[in-house]
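So the structure is just underneath, and the comments pick up after that.
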Amino acid sequence: MLEFGKTDAPAEPTDETLVKESSEANFLEDVIEASKEVPIIVDFWAPWCGPCKTLGPALEAAVTKAEGAVKMVKVDVDQNPGISAQLQIKSIPTVYAFWQGQPVDGFQGALPPSEIDQFVERIAAMGPGAPDGGLADAVEAAEAMFEAGEFDDALQTFVAITEEDPMNVPSFAGIIKCHLALGEVEEAEAVLNGIPAEISESKAIEAVRAKVDLAKQAANAGPETELSAAVEANPDDHQARFDLSTALLAAGDTEGAVEALLELFRRDRDWNDGAAKSQMFTIFDALDMKDPIALNGRRKLSSMIFV
């Protein structure tokens with residue numbers, strides 16, 4: 001694990017949920033994946049860079065003032081040359097903003113405070129805004145029912161919430177999760193297809209979309225024993241290895257499925273238009289961002305990509 005926070009680095013943020021440091025191992029998770037939920041501003045800096053010492057804290061202050069409508073990630077270019085090369089960072093400080101997994105704005109060099117504030121406000125406006133209280137208590141109660149296995153009651157509660165707030169992302173995600181838990185894949189897909197376009201690309205909806213995709217694949221999974229034997233007989237049978245990962249998912253072995261896909265990616269990352277990488281991202285999207293399987297899988301995939 002790379003170390004950060006050198007003596008002459010910018011000061012640590014007052015709110016680590018809004019401003020954090022990242023590395024090559026975590027960049028996909030901290031920036032690309034996280035930007036599907038909220039805009040992410042990435043500050044590329046180095047301990048020896050004078051202007052960075054002024055720009056960094058000013059950006060942190062502006063991001064903190066936005067109260068969750070935008071977040072910030074700091075990347076030490078000396079410690080993470082792979083990211084710098086990938087994004088063609090030629091000089092520092094360089095700042096990029098990401099939204100929905102893509103860079104959407106940026107600048108190089110230091111800016112006056114007023115322009116920094118305007119930049120952060122502009123990026124924050126791209127996202128859904130700071131979270132509000134809304135029907136949070138009802139959503140929390142429905143989530144508790146779901147965790148307790150009371151899927152029908154949870155479903156009714158989530159549906160009631162969407163009737164009160166037709167743009168409530170957690171409740172739509174909850175409805176789909178309940179249908180999947182009840183084995184109602186077609187119903188889950190129907191709800192997914194009817195979600196308002198304005199919220200259809202939020203992180204929570206992307207997660208349940210991934211769950212629906214995986215549930216549909218699991219229904220058509222081949223026999224695990226036969227597929228495992230085929231891979232053992234011919235390790236370069238990429239289709240068999242890919243199908244094995246699907247069978248493992250259907251059997252509930254998510255970690256085994258990810259390992260199979262990582263091995264396929266290692267052997268031939270371009271096979272079937274990058275199917276292994278695409279499938280891994282589908283699995284990661286379906287899991288909680290802090291799930292150990294997702295965290296470890298993303299780190300391993302990142303290490304392969306940035307080799």
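Throughout, numbering of the chain's residues begins at 1 and tracks the sequence.
Considering only heavy atoms from C-beta on, Ile176 stays 4.5 Å or farther from Lys211 through its side chain. Considering only heavy atoms from C-beta on, Val75 stays 4.5 Å or farther from Trp45 through its side chain. A heavy-atom distance below 4.5 Å is not found between the side chains of Ser228 and Val231. No side-chain heavy atom of Phe98 sits less than 4.5 Å from a side-chain heavy atom of Val104. When side chains are defined from C-beta on, Leu155 counts as touching Val159, because their heavy atoms get closer than 4.5 Å. Counting heavy atoms from C-beta outward, Phe44 and Val95 have side chains that stay 4.5 Å or more apart. Taking 4.5 Å as the limit, every side-chain heavy atom of Val208 sits out of range of all side-chain heavy atoms of Ile175. Annotation: side chain of Asp270 is in contact with side chain of Asp268 (closest heavy-atom distance under 4.5 Å).
A distance of 9.5 Å separates CD1 of Ile283 from CD1 of Ile293, quoted to the nearest 0.5 Å. Once rounded to the nearest 0.5 Å, the distance linking CZ of Arg298 with OG of Ser303 reads 14.0 Å. The OG atom of Ser35 sits 11.5 Å away from atom NZ of Lys71, with the distance rounded to the nearest 0.5 Å. Rounded to the nearest 0.5 angstrom, Leu264 CG and Ser245 OG are separated by 7.5 Å. For the atom pair OG of Ser202 and CE of Met167, the computed distance is 11.5 Å after rounding to the nearest 0.5 Å. The distance from atom CD1 of Ile83 to atom CG of Asn26, rounded to the nearest 0.5 Å, is 9.0 Å.
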List the atom pairs, with distances to 0.1 Å, where a side-chain N or O of residues 115-126 and a protein N or O form a donor-acceptor pair under 3.5 Å, not counting sequence neighbours.
residue	atom	partner	partner atom	Å
Arg122	NE	Asp105	OD2	3.0
Arg122	NH2	Asp105	OD2	3.0

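By the side chain to side chain contact (heavy atoms under 4.5 Å, CB included) test, Ser200 is found to be paired with Ile195, Arg209, residues two or more places apart in sequence or in another chain being considered. Evaluation of the side chain to side chain donor-acceptor pair (under 3.5 Å) rule for Lys277 yields no partner, not counting sequence neighbours. For the side chain to side chain contact (heavy atoms under 4.5 Å, CB included) test, residues two or more places apart in sequence or in another chain that qualify with Glu263 are Arg241, Arg266, Arg267. Take Lys36 and apply the side chain to side chain contact (heavy atoms under 4.5 Å, CB included) test, not counting sequence neighbours, and it matches Glu33, Gln100, Lys203, Asp285. Residues passing the ring-ring contact (aromatic ring centres under 6.0 Å, His included) test with Phe281, sequence neighbours excluded: none. When the side chain to side chain donor-acceptor pair (under 3.5 Å) test is applied to Ser171, the partners found at least two apart in sequence or on another chain are Asn168. With sequence neighbours excluded, the residues satisfying ring-ring contact (aromatic ring centres under 6.0 Å, His included) with Phe242 are Trp271. Checked against side chain to side chain donor-acceptor pair (under 3.5 Å), Glu189 has the following partners two or more places apart in sequence or in another chain: Lys216. Every side chain to side chain donor-acceptor pair (under 3.5 Å) that Lys177 has, sequence neighbours left out, goes to Glu143. Residues meeting the side chain to side chain contact (heavy atoms under 4.5 Å, CB included) test with Ala207, sequence neighbours left out: none.
The main-chain N or O of Ala240 is found under 3.5 Å from a side-chain atom of Asp237 such that the two form a donor-acceptor pair. At distances below 3.5 Å, at least one donor-acceptor pair connects side-chain atoms of Thr157 with backbone N or O atoms of Asp153. Between the Lys20 side chain and the Val73 main chain, no donor and acceptor come within less than 3.5 Å of each other. Asp165 contributes no side-chain N or O that, together with a main-chain N or O of Ile161, makes up a donor-acceptor pair within less than 3.5 Å. A donor-acceptor contact shorter than 3.5 Å links the side chain of Asn80 to the backbone of Asp76. Using modelled atom types, one side-chain atom of Glu24 and one backbone atom of Gly82 make a donor-acceptor pair closer than 3.5 Å. When atom types are taken as modelled, the side chain of Thr64 and the backbone of Glu60 share a donor-acceptor pair closer than 3.5 angstrom. Thr94 places no side-chain N or O within 3.5 Å of a backbone atom of Ile89 that could act as its donor or acceptor partner.
No continuous path of hydrophobic side-chain contacts links Val258 to Leu295 [ILVMFWY only; heavy atoms under 4.5 Å]. The cluster map of Ile, Leu, Val, Met, Phe, Trp and Tyr, joined by side-chain heavy atoms under 4.5 Å apart, puts Met145 and Val191 in different clusters. The cluster map of Ile, Leu, Val, Met, Phe, Trp and Tyr, joined by side-chain heavy atoms under 4.5 Å apart, puts Leu261 and Leu249 in the same cluster. At a threshold of 4.5 Å between side-chain heavy atoms, the hydrophobic network of Ile, Leu, Val, Met, Phe, Trp and Tyr places Val19 and Leu55 in one connected group.
Of all heavy-atom pairs between Ala221 and Ala250, the closest is CB-CB, 3.8 Å. Heavy-atom minimum distance, Ala247 versus Gly222: CB-O, 3.5 Å. In plain terms, the two heavy atoms of Val70 and Ala66 that are nearest each other are CG1-CB, 3.7 Å. Cys178 approaches Ala154 most closely through the heavy-atom pair SG-CB, 3.7 Å. For the pair Val212 and Ala188, the tightest heavy-atom approach, listed with the atom from each and the gap, is CG2-CB, 4.2 Å. The minimum heavy-atom distance linking Pro166 with Pro196 is given by the pair O-CG, 3.6 Å.
Within 6.0 Å of CD on Gln239 lie more than 12 heavy atoms contributed by other residues, nucleotides or ligands.
Applying the ring pair (Phe, Tyr, Trp, His ring centres under 6.0 Å) rule to pairs touching residues 150-201 yields Phe146-Phe151, sequence neighbours excluded.
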side-chain contact (heavy atoms from CB on, under 4.5 Å) between Ile32 and Gln102, worked out: CA-CA 7 Å; Ile32 305 303; Gln102 299 293 328; over 6 Å; no
side-chain contact (heavy atoms from CB on, under 4.5 Å) assessment of Asp78 paired with Trp48: CA-CA 10 Å; Asp78 287 347; Trp48 47 264; 2.7 Å; yes
Might you work through the side-chain contact (heavy atoms from CB on, under 4.5 Å) test for Leu227 and Leu248, ending with a clear yes or no? CA-CA 10 Å; Leu227 291 168; Leu248 290 169; over 6 Å; no
Given side-chain contact (heavy atoms from CB on, under 4.5 Å), test Leu262 with Met304 step by step and report yes or no. CA-CA 9 Å; Leu262 284 168; Met304 293 182 187; 4.3 Å; yes
